[in-house]
Every structure is written in structure tokens, then in C-alpha cells.
Amino acid sequence: MHIDHIGIAVDNLEEAIDTYSKILNCAPFKREVVEDQKVETVFFKTGESKVELLGATSKDSVIAKFVKKKGPGIHHIAFEVDDLESEMKRLQSEGFRLLSDKPLLGADHKKIVFLHPKGTEGVLIELCQSMDQ
Ligand code: CMX
């Protein structure tokens, strides 16, 4: 397991791209709308891991709700796992609350599942597995 990416919720995607291009001194390598999640994602490579900027594509997106409530900021940490379904079973048996029964389709050609932040010391955790393997 390793940190795949840190998700940052933003209000203005273009401004955030400009800011993070300067901080990381590189251009994003991928931009993708994830319809199911109502988000537009922009990825920067940072060594083995990535930074994912998340903009809402609709007013009822969880990102719009988050930014309205807390302002822009770190939204989630994503850990890449080798076998998502078995990790889901393991964490369910440990009593964690998964936010979906089945893996969802995420950005970057990954299947994903989230753990509710109420059971994870206030941090929204995403588990992801590449579908390219
Ligand atoms: N990190 C930490 N806490 C969070 C949070 C986050 N990202 N989002 C919400 N919360 C907290 C809120 O602060 C609130 O806490 P309090 O009760 O103490 O005020 C509580 O969770 C409930 O928040 P809410 O605003 O009422 O939001 P909802 O319950 O409607 O939704 C959540 C929260 C986590 C269940 C929802 O955001 C979710 O299902 N997330 C998973 C999907 C997702 O985040 N998709 C976007 C990313 C997609 C991608 O990366 O591809």
C-alpha cells in the first residue's frame, strides 16, 4: 500500500492549476471529468505520488458542498492497494464504514472506494486500484 494521491478541493480549477503548476514547477499530466463523482480532476506527478485538484461540475457535487462549508483545502488521501475487494472485506470486518458496497469508477482509470471520515480521525480515505494491471 502506498499513497497514490492527495485530493485537494478547489473553488476555481483554472486558478488552482496555475498555483500548483508554480508550486510543483511542472504542468499537469492529466485532466479528466468523472461524471459519476460530479468532479473535474487535474493530476500532477510528484515522484511516486500525485496531487489531484478537484473542481465541482455541478452544484450538488460533494466538492461544491465541501468548498461551501470549509473552503478549498485537502479533501482526501488515496492509498493504492493491490486487491481492492479484499481490502474492502478486511476493513468492513474491522468495523469501518465504507461509502459504497462496490468499487466505483474513479479518475485515472482506477476503481475506488471511500471510508467515512467519521471513523478515520476526520480524514476522508480513498482506496484505489489501477485497472491497467
Ligand atoms: N474530509 C473530512 N471530513 C469531511 C469531508 C472530507 N472530505 N467531507 C465531509 N466531511 C465531514 C463534514 O465536515 C461533516 O462533519 P460534521 O458532522 O462534524 O460537521 C460530516 O463529514 C458530514 O459532512 P456533510 O457536509 O454533511 O457531507 P455528507 O455527509 O453529505 O458527505 C461524505 C460527506 C464524506 C460522505 C461525502 O463527501 C462522500 O460520499 N465522499 C465520497 C465521494 C467523494 O468524495 N467524491 C469526490 C472525489 C472523487 C475523486 O477523487 O474521483
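No experiment lies behind these values; they were computed from the predicted model shown.
Closest of all the heavy-atom pairs between L105 and V34 is O-CG1, 3.7 Å. The heavy-atom pair separating V39 from S61 by the smallest distance is CG1-OG, 4.1 Å. Nearest heavy atoms, S58 versus A64: O-CB, 3.7 Å. Shortest non-hydrogen contact noted between E87 and M1 is OE1-CE, 3.8 Å.
Annotation for Y20: atom OH does not count as buried by contact number, only 12 or fewer foreign heavy atoms lying within 6.0 Å. D60 CG: more than 12 foreign heavy atoms inside a 6.0 Å radius. Heavy atoms from other residues, nucleotides or ligands lying under 6.0 Å from NZ of K30 number more than 12. Heavy-atom neighbours of L24 CG from other residues, nucleotides or ligands within 6.0 Å: above the threshold of 12. No more than 12 heavy atoms of other residues, nucleotides or ligands sit less than 6.0 Å from atom CZ of R97.
In this structure, F66 has its ring center closer than 6.0 angstrom to the ring center of H75.
Of the possible polar contacts, one joining the T57 side chain to the K38 backbone as a donor-acceptor pair under 3.5 Å is found. Judged purely by atom type and a 3.5 angstrom limit, T46 uses its side chain to pair as donor or acceptor with the backbone of S49. Distance alone, capped at 3.5 Å, is enough to place a donor-acceptor pair between the E80 side chain and the S130 backbone. The backbone N or O of D82 lies less than 3.5 Å from a partner atom in the side chain of Q129, making a donor-acceptor pair. Side chain of D108 to backbone of K110: no donor-acceptor contact under 3.5 angstrom is found.
Applying the side chain to side chain donor-acceptor pair (under 3.5 Å) rule to E121 yields no partners; only residues at least two apart in sequence or on another chain are considered. For D11, the side chain to side chain donor-acceptor pair (under 3.5 Å) test picks out no residue, with sequence neighbours left out.
Ring planes of F29 and F43: tilted class, angle from 30 to 60°.
At least one side-chain heavy atom of L124 sits under 4.5 Å from a side-chain heavy atom of F114. At least one side-chain heavy atom of V113 sits under 4.5 Å from a side-chain heavy atom of S100.
Both L91 and I77 belong to a common hydrophobic cluster when Ile, Leu, Val, Met, Phe, Trp and Tyr are linked at side-chain heavy-atom distances under 4.5 angstrom.
A salt bridge is defined here as a Lys NZ or Arg NE, NH1 or NH2 lying under 4.0 Å from an Asp or Glu carboxylate O, and R31 with E14 meets this definition. Between K102 and E85 there is no salt bridge, since no side-chain N of the basic residue sits under 4.0 Å from a carboxylate O of the acidic one.
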